[in-house]
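The structure under discussion appears below in the form of structure tokens.
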Amino acid sequence: MTYTTHSPASPPPLRSPRQTLQGEGGDKRRGGDDANFETGTVTRTRPKTKRPNLYRVLLLNDDYTPMEFVVLVLQDVFNKSREDAMRIMLHVHQKGVGECGVYPYEVAETKVTRVMDTARKNQHPLQCVMEKQ
Ligand code: TYC
């Protein structure tokens, strides 16, 4: 993974490292690296944290899947309460699409597969998709 401390579109300004260290009293770049310009060593002072890529899982409306089936799927696959499941199902029914949750890639993918499998087994046309947030 590349770590960019400046905009890739504009290279960092060429200036004397000494000026930076003495004039500004240290490295003020976002990310908080300490730079030793004698040796060219850069030490990370904050641990590098990577945010996982998150995906929204969406249910799509159709004219045939029973409302009760959708509510049960939302309770079972997405761990929603009966009340939340009802609210989401009605939202999808009225608006055409609705969010069931936001998850890391593999969790989202597993939930989509579970919904599609159970819909197919029960011969309902219910569709579930995921999109990158
Ligand atoms: N529109 C369906 C009906 O009237 C109910 C439904 C809701 C279907 C949500 C799919 O994702 C869905 N029976």
Side-chain angles (χ1 to χ4, degrees):
M1 182 65 72
T2 39
Y3 180 71
T4 313
T5 55
H6 59 86
S7 163
S10 56
L14 291 173
R15 60 182 177 189
S16 158
R18 288 212 173 278
Q19 260 181 334
T20 307
L21 284 174
Q22 289 163 359
E24 295 173 22
D27 182 354
K28 293 228 172 63
R29 286 175 301 177
R30 195 160 63 83
D33 292 342
D34 276 348
N36 180 335
F37 290 98
E38 299 287 338
T39 61
T41 308
V42 177
T43 311
R44 205 173 281 289
T45 51
R46 277 197 283 175
K48 185 171 184 179
T49 52
K50 281 196 290 182
R51 283 180 299 178
N53 287 326
L54 294 178
Y55 289 77
R56 303 173 72 207
V57 176
L58 306 170
L59 268 186
L60 308 184
N61 189 37
D62 65 73
D63 292 338
Y64 305 103
T65 305
M67 290 184 175
E68 179 61 18
F69 183 81
V70 178
V71 171
L72 291 175
V73 164
L74 284 161
Q75 289 183 256
D76 190 38
V77 177
F78 298 96
N79 307 311
K80 301 297 182 188
S81 66
R82 180 85 190 165
E83 294 71 27
D84 280 354
M86 197 82 80
R87 185 181 49 74
I88 295 167
M89 181 279 296
L90 284 175
H91 175 95
V92 177
H93 176 68
Q94 287 160 4
K95 310 275 184 191
V97 60
E99 184 180 296
C100 310
V102 177
Y103 310 95
Y105 182 85
E106 274 163 23
V107 178
E109 193 185 38
T110 301
K111 291 188 186 294
V112 169
T113 301
R114 283 182 65 190
V115 174
M116 297 300 283
D117 283 355
T118 190
R120 189 167 355 95
K121 279 184 190 131
N122 289 276
Q123 299 185 304
H124 298 312
L126 181 63
Q127 295 291 308
C128 185
V129 297
M130 57 195 268
E131 67 170 31
K132 197 166 192 297
Q133 223 191 11

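From a predicted model like this one, the values you see are computed outputs, not experimental measurements. Order of appearance sets the numbers: ligands from 1, and atoms from 1 within every ligand.
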*What residues, two or more places apart in sequence or in another chain, satisfy side-chain contact (heavy atoms from CB on, under 4.5 Å) together with Val102?*
Leu54, Arg56, Glu99, Gln133

_Which residue and atom name correspond to the protein heavy atom nearest atom 2 (C) of ligand 1, and how close is it?_
Asp62 O, 3.2 Å

*Hey, is Glu109 close enough to Lys132 for a salt bridge, meaning N to O under 4.0 Å?*
no

*Are any of the side-chain nitrogens in Asp117 or Arg114 under 4.0 Å away from the carboxylate oxygens of its partner?*
no

*Polar-atom distance check: Leu60 versus ligand 1, any N or O pair below 3.5 Å?*
yes

*atom 4 (O) of ligand 1: which protein heavy atom is closest, and how many Å away?*
His93 CE1, 3.1 Å

*Short list, please: which atoms of ligand 1 are under 4.0 Å from a heavy atom of Val92?*
9 (C), 11 (O), 12 (C)

_List ligand 1 atoms under 4.0 Å from Thr65, heavy atoms only on the residue side._
2 (C), 3 (C), 5 (C), 6 (C), 8 (C), 13 (N)

_Tell me which one of Leu74, Asp76, Val73, Thr110 satisfies side chain to side chain contact (heavy atoms under 4.5 Å, CB included) with Val115._
Val73

*Looking at residues at least two apart in the chain, or sitting in another chain, which of them share a side-chain contact (heavy atoms from CB on, under 4.5 Å) with Thr65?*
Asp62, Phe69, Val70, His124, Pro125, Leu126

_Sub-3.5 Å N/O-N/O distance, Tyr64 and ligand 1_ = no

*When you measure from atom 7 (C) of ligand 1 to each heavy atom in Asp63, Val73, Asn61, Leu126, which option holds the nearest one?*
Asn61

_Pairwise side-chain contact, Phe78 with Ile88, heavy-atom cut-off 4.5 Å (strictly under)_ = no

